[in-house]
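Report on the structure given below.
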2 protein chains.
Amino acid sequence: MKEVLKRAGYRVTRQRLVIFEALRGTTSHPTAEEIYNMVKSRLPNISLGTVYRTLELFERLGVLQRLTFEGSPSRFDGNPKPHYHAICLGCGRVLDADEPVPEDIGRRFSEETGFEIVGYKLEFYGYCKECASKRRENENKG
Amino acid sequence: MKEVLKRAGYRVTRQRLVIFEALRGTTSHPTAEEIYNMVKSRLPNISLGTVYRTLELFERLGVLQRLTFEGSPSRFDGNPKPHYHAICLGCGRVLDADEPVPEDIGRRFSEETGFEIVGYKLEFYGYCKECASKRRENENKG
DNA sequence: CCCGTTAATAGTAATGGTTTTCATTTCCAA
DNA sequence: TTGGAAATGAAAACCATTACTATTAACGGG
Ligand SMILES: [Mn+2]
Ligand SMILES: [Mn+2]
Ligand SMILES: [Zn+2]
Ligand SMILES: [Zn+2]
């Protein structure tokens with residue numbers, strides 16, 4: 001991380017290092033505020049603004065990705081490699097789906113319309129194992 | 001539209017009808033504010049709040065879908081049937097991709113994790129025909 | 001057709017996530 | 001070690017969206 005910052009001409013600060021560690025240490029796709037809380041114990045004076053600024057910088061440097069879902073604040077993913085996500089409509093959890101997606105999924109669209117695809121985003125919506133079984137229970141009762 | 005509203009127990013108002021027409025008459029996936037502007041000539045006194053409330057109602061009634069993209073306000077799609085979108089990073093346009101997507105795209109993930117998929121979302125990011133050719137021009141020059 | 005009831009609207013204030021501002025602190029190259 | 005620039009903390013501003021409230025208008029029953 002130090003190297004990434006230096007190479008890009010940015011200063012290495014305690015705040016940046018700690019936020020980076022926090023992101024690396026979780027797979028929960030936290031929001032900015034959640035990261036703020038994760039980091040407060042080690043940086044009692046940090047401000048939420050700095051968290052936002054740092055995450056925005058990390059996004060530009062390509063060390064994380066920002067995930068935008070309907071009706072909820074942005075979430076941040078310490079894994080910058082392309083992968084997909086499953087969002088639970090029950091508990092809100094965001095799970096990784098390390099699903100290989102067909103390489104040529106957009107090729108026909110591209111050929112037909114001249115649209116030059118540089119990336120795509122795939123999201124599954126539904127219910128995680130826990131929420132799905134809760135729902136089945138309730139169905140049986142109600 | 002009248003019927004849909006009545007059947008669901010809602011009143012048929014001029015605002016609702018005009019907003020519905022505006023949505024039907026475009027394929028541009030407008031934002032709430034854009035719809036507000038489209039509709040002002042026929043409803044000079046309408047408020048932006050009414051546009052938002054109406055769009056939210058239509059979403060619940062299933063006559064439109066809301067599209068959420070990173071870094072831009074919600075867009076609304078008068079076509080409620082599942083289909084996918086391509087977002088141009090040059091001009092911001094949102095195009096329809098009537099691409100058939102493999103039915104079983106998430107089946108393995110579902111089987112492996114117990115996640116119950118009820119829907120998915122696929123988006124292509126890149127450059128529309130116009131923006132792609134502009135970019136090629138600039139490449140040759142610069 | 002004409003009310004009376006009550007849902008819907010216009011106008012405006014409030015909200016909440018995010019960005020900006022600015023004085024102060026910290027980093028770091030010389 | 002130090003001067004200058006970059007980054008931070010604290011707070012204000014921003015902006016899309018939602019909530020509030022007095023007024024308007026839809027519409028079922030007379
Ligand atoms: Mn992830
Ligand atoms: Mn569409
Ligand atoms: Zn769940
Ligand atoms: Zn374009």
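Keep in mind that this is a model prediction, so the values were computed, not measured. Just the heavy atoms: all of them, side chains too, but no hydrogens, waters or symmetry mates, feed the values below. Just so it is clear: chains get the letters A, B, ... in the order the sequence lines come, proteins before strands, and each one is counted from 1.
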Chain A reaches DNA chain D, atoms under 4.0 Å from its heavy atoms, from dG4(D) to dA10(D)

Those residues at least two apart in sequence (or on a different chain) that pass side-chain hydrogen bond (donor to acceptor under 3.5 Å, both in side chains) with Q65(B) are none

Taking atom CD as the centre, does E70(B) end up with more than 12 heavy-atom neighbours from other residues, nucleotides or ligands that are less than 6.0 angstrom away?
yes

CG (D77(B)) and CD (E59(B)) are apart, to the nearest 0.5 Å, by 11.5 Å

dist S133(B):OG -> E116(A):CD (nearest 0.5 Å) comes out at 9.5 Å

Side chain to side chain donor-acceptor pair (under 3.5 Å) between Y36(A) and E34(A), intermediate numbers included
CA-CA 5 Å; Y36(A) 175 59; E34(A) 284 164 354; over 6 Å; no

### Task
Following the transitive rule for hydrophobic clusters with a side-chain heavy-atom cut-off under 4.5 Å over Ile, Leu, Val, Met, Phe, Trp and Tyr, establish whether Y52(B) and Y10(B) coincide in one cluster.
yes

Point to revise | salt_bridge(E130(A), K134(A)) N-O dist < 4.0 Å | key: no

Numerically ordered, the residues 60-74 of chain A set in heavy-atom contact under 4.0 Å with DNA chain D is none

On DNA chain C, more 5' by nearest nucleotide between T54(B) and R75(A) is T54(B)

Rounded to whole Å, the CG-P distance (L57(B) to dA7(C)) equals 14 Å

Minimal heavy-atom distance between V63(B) and M1(B), with the atoms involved, is CG1-CE, 4.0 Å

Within 45° of the axis and under 6.0 Å from the centre of the six-membered ring of F69(B), does NZ or CZ of R75(B) qualify? no

To the nearest 10 degrees, the angle between the two end axes of the helix from dC1(C)-dG30(D) to dA30(C)-dT1(D) (five pairs per end) comes to 30°

Expected list for residues 9-41 of chain B near DNA chain D, using heavy atoms below 4.0 Å, is R11(B), V12(B)

note: Y52(A), atom OH; dG17(C), atom P; distance rounded to Å ~ 7 Å

- request: Using a strict 4.0 Å threshold on nitrogen-to-oxygen distance, state whether R66(B) and E56(B) make a salt bridge.
  value: no

Whole-Å distance, L43(A) CG to dT26(C) P, equals 12 Å

Keeping T54(B) on the side-chain end and T50(B) on the backbone end, is there a donor-acceptor pair under 3.5 Å?
yes

Here the gap from S74(A) atom OG to H29(A) atom NE2, rounded to the nearest 0.5 Å, amounts to 13.5 Å

task: Look only at the side chain of R11(A) and the backbone of K6(A), and say whether a donor-acceptor pair between them is shorter than 3.5 Å.
output: no

d(L55(A) CG, F76(A) CZ) to nearest 0.5 Å is 4.5 Å

Which of I105(B), V118(B), T113(B) passes side-chain contact (heavy atoms from CB on, under 4.5 Å) with F124(A)? Answer is I105(B)

With 3.5 Å as the limit, what N/O pairs link the protein to nucleotides 11-14 of chain C?
unit_1	atom_1	unit_2	atom_2	d
dG11(C)	OP2	N45(B)	O	3.4

